[in-house]
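Everything on this sheet refers to the single structure shown next.
From a predicted model like this one, the values you see are computed outputs, not experimental measurements. As a basis for the values below, the full set of heavy atoms in this structure was taken, side chains included, without hydrogen atoms, waters or symmetry mates. Sequence lines set the chain letters: A, B, ... in the order given, protein chains first and strands last, and positions in each chain run from 1.
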Amino acid sequence: MTLVAEVIVDVAAYPVDRPFDYLVPDDMTTLIECGSRVKVPFGPRNVLGFVVLLKESTDIPLEKIKPVSQLLDIEPVLTNEMLELAKWLKHETICYEIDALQVMLPSALRAKYEKMVTLQADIELLPQSLKEIFGNSSKVNYKEFEKNNLLHELKHALNEKLVVIENVVKQKGNVKEVRKVQICNDLNKLLEIQNHISNRAKKQKQLVEWMQSHVGETIEPNTIYEEANTSSQVLQAVISLGAATFIHEEVYRDPFTKKVEKKDFLDLTDEQSTALEKIVLSMKQKQSETFLLHGITGSGKTEVYLQAISQCLNDGKEAIVLVPEISLTPQMTERFRSRFGELVAVMHSGLSVGEKYDEWRKVHEGKVKVVVGARSAVFAPFENVGIIILDEEHESTYKQEDSPRYHARDVAIWRSKFHHCPVILGSATPSLESFARAKKNVYTLLTLRERALKQSLPTVQVVDMREELQKGNRSMFSRSLMESIEVRLQKKEQIVLFLNRRGYSSFVLCRDCGTVLQCENCDISLTYHRSSEKCKCHYCGYEISVPKSCPQCESDHIRFFGTGTQKVEEELSKLFPEARVLRMDVDTTKVKGAHEQILQAFGDGQADILLGTQMIAKGLDYPNITLVGVLSADTSLHLPDFRSAEKTFQLLTQVSGRAGRHEKAGEVVIQTYTPEHYAIELSKSQEYGPFYEREMLMRHQAGYPPYYYLALIQVSHEDVMMAAEYAGKTVEWLRSKLSFNVSIIGPTASGISRLQNRYRYQCLIKYKIEPDLIPTLMQLIKLYRSDWIKKGIILSVDLDPTMI
DNA sequence: AGCACGCCGACT
DNA sequence: GTCGGCGTGCTC
């Protein structure tokens, strides 16, 4: 009986986005499973692939079918659930199946392809230049020949059949092993060895004697050096006498540097208990119900999660907790680790490839029961999921911006249906989509109206910066904010200042000719960074040092415009020279662990003012913070995006929530040039309801979600004309295919019309019900993508885009 | 995608 | 007569 495997190969291209049949060699038949990774010959090369189905026959003619060349996993890396989920993702987000499969695994398991040149004949037949490269080895990386400019010689040798080129498939990451010392488990042998050591070798004698009290143990060399007061040379010598051996032991890399204390549950308020009961009931009844937990800042949503998870673990099931990347602070993860200890794995982008792999393995091997992580943790390979939680449900980081463009919320709900378990979407400011669904009873709404410790919400004051300007205050601090800061400094309370920008100045301008420094690759002005004296592009990373004269007119009247965190810091130190300021932005948190360090320092009271960007809006929970200042609420309001009002309201509410979370009352000062805008006006009372009503009205009028669905098509090319032409062609084609209830807007140049040297055009599709949309878009890709790629056109499709 | 195959023009 | 350009088509 023959066994045939259907394999999805690691080639992301439309024509090969389907399973290929391979024969399973006899020695693999009992080991291979669906979800195993395999190495297969594909055309002239070797690639990695995933087994998606095993069957006993095939329609492929015998002369065409090839065997699997290697099985990479004894245990499959993907479950049947994941294989199903990948098919769904492929359809739902219009991506390649291989991309959908790869996104579920840590990057360490991805393939690394290397071209190797192997010697086939006597080395003496090669020209001198090639002989040198080979040296003593018979296999050399192709890159070496490229580096040394020997491609012509190589080609010649290839024609003469002296060498062959082969593609080697390797795995990116590996299991970490440590070298340990295994002490001989025979006491008598140790005694005998000790007796044979010459009296001159005192240290060796001592070590063997020490080993006699550790018979059969495995110990790290460093521990031995310390405890037995000895050195590596002595240990080497003793090992050569046979008293111990070196062994290699598999370990998990440990991303946690500090241990946490075990903590007990907190008492719940009535509201919290009611919410918890409903969730637990749903869990017990194995319902795939989606809850929207709408609780104001400080209402104790996390405590509800923790107790629900505890119930879930009691039932012998696993829990997945998703948090936005930015709020994956130690404060948050510690809270989970202090409740569930070693049962928690943490996954976020701050971990190294190896650390991510190990956290994934803990889940895969069933060593942990709870995962706390960013977006991709929604794919945690648990097999018996009891609850899935998305904290700060409205956050845009839950949507992946490149293929597969999935939303973690949708994946969570899919998995909840598979496992018959509830999903909890938690937020103080839910996305309009989710709240609308809750109102329509698609989701079950749970509300927490009061703060857990009964503290009142902070008082919010909106300051009109236009008035300040009229009264002659040209600084970036209003008088009101300055007074408040003064008061806190005197009372030794802490202040958080929030600025929605980084860098020193937004742009660099020549005062004589008005030239603004621009990025070479993108249509974006460069941002001045004071610490490095450089001008950087925040989109592609391009940077130049600050020019002494204008590149256009050579005038030396160069000025820096706009406000960034560095400039605020400078002004702060002028206004309040005694205040200790900590700055937290992308620049000061580049180094691994810097994020934690800054927060820790602020929490310990080492500074009076924390000044930062987006990243301080979440998760900060220190009792001594009593003042929050928002320097300019407008920055996010004027973005060309239909969600800008929602984003602004969410941000203001989140930031305000940082103040007065404990005994001391909090105060918030919001500075703005548009105090009359409803997103700002309504954030004063921090009431979600009125904002929701108002924003829904706007969405209805403008035809945006949740009233309509959106799809965004983007066409880009290095040449403007090409990009525009093909964007036009695309829109024309779509208009001819889609029905009249679908409106197609565009093509228009994208917000940032040139990015990384490509001009971008986009069109927006708005629809209510259009069953043909996905098939039509797939047809568009099928008909045109591979053809256009040869012309340099990149066509991308984003269903339910978060930003437009 | 990435590679071989094949056809055509420029050179030893 | 051979080398290398890139258009075409296939990958179990």
Side-chain angles (χ1 to χ4, degrees), chain A residues 2-26 28-29 32 34 36-72 83 90 94-103 110-118 127 141-143 145-146 149-170 172 402-404 716-717 758 778 781-797:
Chain A
T2 53
L3 193 60
V4 175
E6 283 192 4
V7 174
I8 297 286
V9 291
D10 181 18
V11 180
Y14 191 82
V16 292
D17 186 28
R18 60 186 175 85
F20 284 82
D21 287 2
Y22 286 89
L23 283 175
V24 178
D26 287 341
M28 274 183 217
T29 48
I32 201 164
C34 285
S36 300
R37 287 177 310 151
V38 285
K39 236 191 250 181
V40 289
F42 192 65
R45 61 213 161 115
N46 278 308
V47 293
L48 181 134
F50 293 89
V51 178
V52 290
L53 196 78
L54 289 166
K55 54 191 185 182
E56 280 164 13
S57 65
T58 174
D59 299 333
I60 305 298
L62 251 152
E63 66 276 11
K64 261 185 138 184
I65 197 161
K66 295 178 186 172
V68 172
S69 47
Q70 198 188 337
L71 178 64
L72 292 166
L83 297 177
K90 172 183 178 176
I94 314 186
C95 69
Y96 302 121
E97 195 161 339
I98 188 67
D99 281 344
L101 291 167
Q102 302 261 36
V103 80
R110 288 197 197 155
K112 193 168 76 176
Y113 297 97
E114 264 170 11
K115 264 192 195 170
M116 298 296 279
V117 181
T118 313
N141 200 318
Y142 178 82
K143 278 187 199 150
F145 294 88
E146 263 180 336
N149 249 335
L150 291 169
L151 292 186
H152 285 271
E153 289 83 344
L154 182 62
K155 174 118 197 182
H156 201 261
L158 207 57
N159 289 341
E160 300 282 308
K161 298 204 164 37
L162 299 173
V163 295
V164 285
I165 295 183
E166 53 185 350
N167 286 299
V168 181
V169 188
K170 281 186 187 159
K172 270 189 185 160
D402 44 61
S403 174
S716 72
H717 193 272
R758 302 186 65 85
M778 282 179 146
I781 287 172
K782 186 179 173 180
L783 287 175
Y784 299 110
R785 176 123 82 185
S786 24
D787 194 32
W788 289 6
I789 266 173
K790 286 169 190 149
K791 297 189 175 93
I793 303 266
I794 295 178
L795 172 83
S796 76
V797 175

Whole angstroms only, please: what is the [atom1]-[atom2] distance between [X] and [N]?
X        : N      : atom1 : atom2 : value
A/Asn46  : B/dG2  : CG    : P     : 15 Å
A/Asp10  : C/dT11 : CG    : C1'   : 14 Å
A/Lys39  : C/dC12 : NZ    : C1'   : 19 Å
A/Arg45  : C/dC12 : CZ    : P     : 10 Å
A/Ile98  : B/dA1  : CD1   : C1'   : 12 Å
A/Tyr142 : B/dG2  : OH    : C1'   : 13 Å
A/Leu48  : C/dT11 : CG    : P     : 21 Å
A/Asp17  : C/dC10 : CG    : P     : 18 Å

Worksheet item: Is the distance from OP1 or OP2 of C/dC12 to the nearest side-chain N or O of A/Lys64 less than 4.0 Å?
Response: no
With a non-hydrogen cut-off below 4.0 angstrom, is [X] in contact with a base, only sugar-phosphate, or nothing?
X        : result
A/Arg785 : nothing
A/Ile60  : base
A/Pro41  : sugar-phosphate
A/Ile789 : sugar-phosphate
A/Tyr22  : sugar-phosphate

Discussion item. Distance check, rounded to the nearest 0.5 Å: A/Lys143 atom NZ versus A/Met116 atom CE?
Written reply: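 So the NZ of A/Lys143 and the CE of A/Met116 are separated by 10.0 Å.
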Practice prompt. To the nearest 0.5 angstrom, please state how far the OH atom of A/Tyr96 sits from the NZ atom of A/Lys90.
Written response: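 So the OH of A/Tyr96 and the NZ of A/Lys90 are separated by 10.5 Å.
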Item to complete: Could you check which of C/dT11, C/dC12, B/dC3 has an atom nearest any side-chain atom of A/Pro44?
Response: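 My answer, after comparing the listed nucleotides, is B/dC3.
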Worksheet item: Quick one: which of C/dC12, C/dT11, B/dG2 gets closest to the side chain of A/Ile65?
Response: C/dC12
Item to complete: Could you tell me whether A/Lys55 atom NZ has more than 12 heavy atoms of other residues or ligands within 6.0 Å of it?
Response: yes
Worksheet entry | Crowding at NZ, A/Lys66 (>12 non-hydrogen neighbours, <6.0 Å) | yes
Discussion item. Please determine whether a side-chain nitrogen of the Lys or Arg among A/Asp21 and A/Lys64 lies less than 4.0 Å from a carboxylate oxygen of the Asp or Glu.
Written reply: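 Between A/Lys64 and A/Asp21 there is no salt bridge, as every charged N stays at least 4.0 Å from the carboxylate O atoms.
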